[in-house]
Amino acid sequence: MEYSDVFHRENEGSDMVTKETYNFKDKGDRNLTLRPEGTAGVIRSFIENKLYAQNDLTKLFYIGPNFRYERPQKGRFRQFMQFGVEALGTNNPYLDAEVLALAYETIRGLGLKGVVVKINSLGNDASKAAYKEALYNYLLPYKDQLSEDSQVRLEKNPLRILDSKVPVDKEITKNAPLPLEYLDEESRNSFETITRLLDQAKIPYALDRKLVRGLDYYSHIVFEIQAEIEGFGSQNALGGGGRYDNLVSELGGPKTPGIGFAFGMERLLNALEIEGRELAPEPSLDAFFVTFDEKSKDLAFNLQNELRVHGFSSDLNYTNKNFKSQLKEALNHRAKFLVIIGENEVNEGVVNLKNTSTEEQIKIRKEELVNKLKELL
Ligand code: HAM
């Protein structure tokens, strides 16, 4: 939850800002919004906590739910999870290439095949403004023919008409001027450096001259990681991002350029499923305690705490299940070791330590458990 003005700023016309958020008043009559994306809130926090004063470069990541009041459809939900990164402090194109490389590595690391990286540049403020004007002048004569949404966008944010999916808009924008044609020298140089670095790093990408993205804080590079997988559906952007050199100052901080991206987790999972990629299994448990009565549970409880203090993961079943059921549970947790404690063990101050893969079992003094696990794991 954020104050609404983090997302709803004056003079802005991006669709998300004007209509796609959940807004309400709290009991103190404050205007609040469920965050529709991560970036603006991260920047709000960056300013509030004066992170800009700590280092020249700040690199952040986040994972969490977001909310957009959109028409739900395949791949588009009103609540969805994103993970993303933001890097702030320089407009050096090396950072752009680094951030893009990280986005690409996310996809490559997951083993997804049918994925393309699309890039484009909107240029610096001057280039973007010149382009906006050219596009507006080009579209104005077609105003009445544009879709209803695009007629509104024409006045507020004509760039968004470029990525409209409505057939009439697509037809009209077929020969529209393109952002790359309006880059000034500085913007062109920056974009060329990025593509050179991507080439050097052997990161495959495709130029998409009409890519403008749905949020309007971007300038310079914008990019999207799209699924080109059969059966994926039309909402095929797995992730997207770009540079935003004015956002920090627009939100009240010192002028600080930044760049970042976010991936939608539901869409990523869908892509993984269609391509038949399995995610790495859940991490396994170091030790699972098998106990038989109150006394053995007491000892197990103490030892479990000790293991956790030393950084081992461990678990213990509190119900009085029989040995077989406890064993089954331990294997479900993929426990590496069983610590088996019965009445005799309690009396003798020992525990049985069983390696679940080799089935080897040893009896050790209870005080030795931590060191023994350190040795074996
Ligand atoms: P975005 O393109 O709006 O960018 O969202 C990023 C990703 O979130 C999308 O590619 C998609 O996978 C997922 N996503 C968005 N809306 C939905 C939805 N309704 N249902 C399911 N998944 C969805 C941003 O949010 C920017 N903050 C990215 C960024 C970070 N730019 C700079 N830094």
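Both backbone and side-chain heavy atoms feed into the values below; hydrogens, waters and symmetry mates do not. Order of appearance sets the numbers: ligands from 1, and atoms from 1 within every ligand.
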Please indicate whether any nitrogen or oxygen in [X] is less than 3.5 Å from any nitrogen or oxygen in ligand 1.
X	value
E266	no
V85	no
A237	yes
G264	yes
L215	no
E224	no
Y218	yes
R213	yes
R76	no

Q.
Tell me whether R44 is salt-bridged to E48, with the criterion being a basic N under 4.0 Å from an acidic carboxylate O.
A.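 Looking at R44 and E48, the cut-off is met.
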Q: Answer yes or no: is there an ion pair linking K354 with E360, defined by an N-O contact shorter than 4.0 Å?
A: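 So K354 does not pair with E360 through a salt bridge.
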Q: If you link ILVMFWY side chains whenever their heavy atoms are less than 4.5 Å apart, which other residues fall into the same cluster as V116? By chain and number, please.
A: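 Noted: V116 shares its cluster with no other residue.
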Q. Which hydrophobic side chains are connected to V152, either touching it within the sub-4.5 Å cutoff or through other members that do?
A.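 Answer for V152: none, a lone residue.
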Q) Has G75 got any heavy atom lying under 4.0 angstrom from an atom of ligand 1? A)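 G75: in contact with ligand 1 (<4.0 Å).
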Q.
When you measure from the side chain of S150 to the backbone of L146, do you find a donor-acceptor pair of N or O atoms at a distance under 3.5 Å?
A.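 No: the side chain of S150 does not pair with the backbone of L146.
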Q. For ligand 1, which atoms have a heavy atom of Y62 less than 4.0 angstrom away?
A.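 Counting atoms of ligand 1 from 1, those under 4.0 Å from Y62 are 30 (C).
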**Q.** Parallel, tilted or perpendicular: rings of Y217 and Y244 (30°, 60°)
**A.**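 Y244 vs Y217 ring planes: perpendicular.
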**Q.** Stacked cation flag R243 on Y218, 6.0 angstrom / 45 deg
**A.**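 That pair does not qualify as a cation-pi contact.
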**Q.** Identity of the nearest option to atom 7 (C) of ligand 1, non-hydrogen atoms only, from Q235, Q82, E20, K74
**A.**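 The option holding the nearest heavy atom is Q82.
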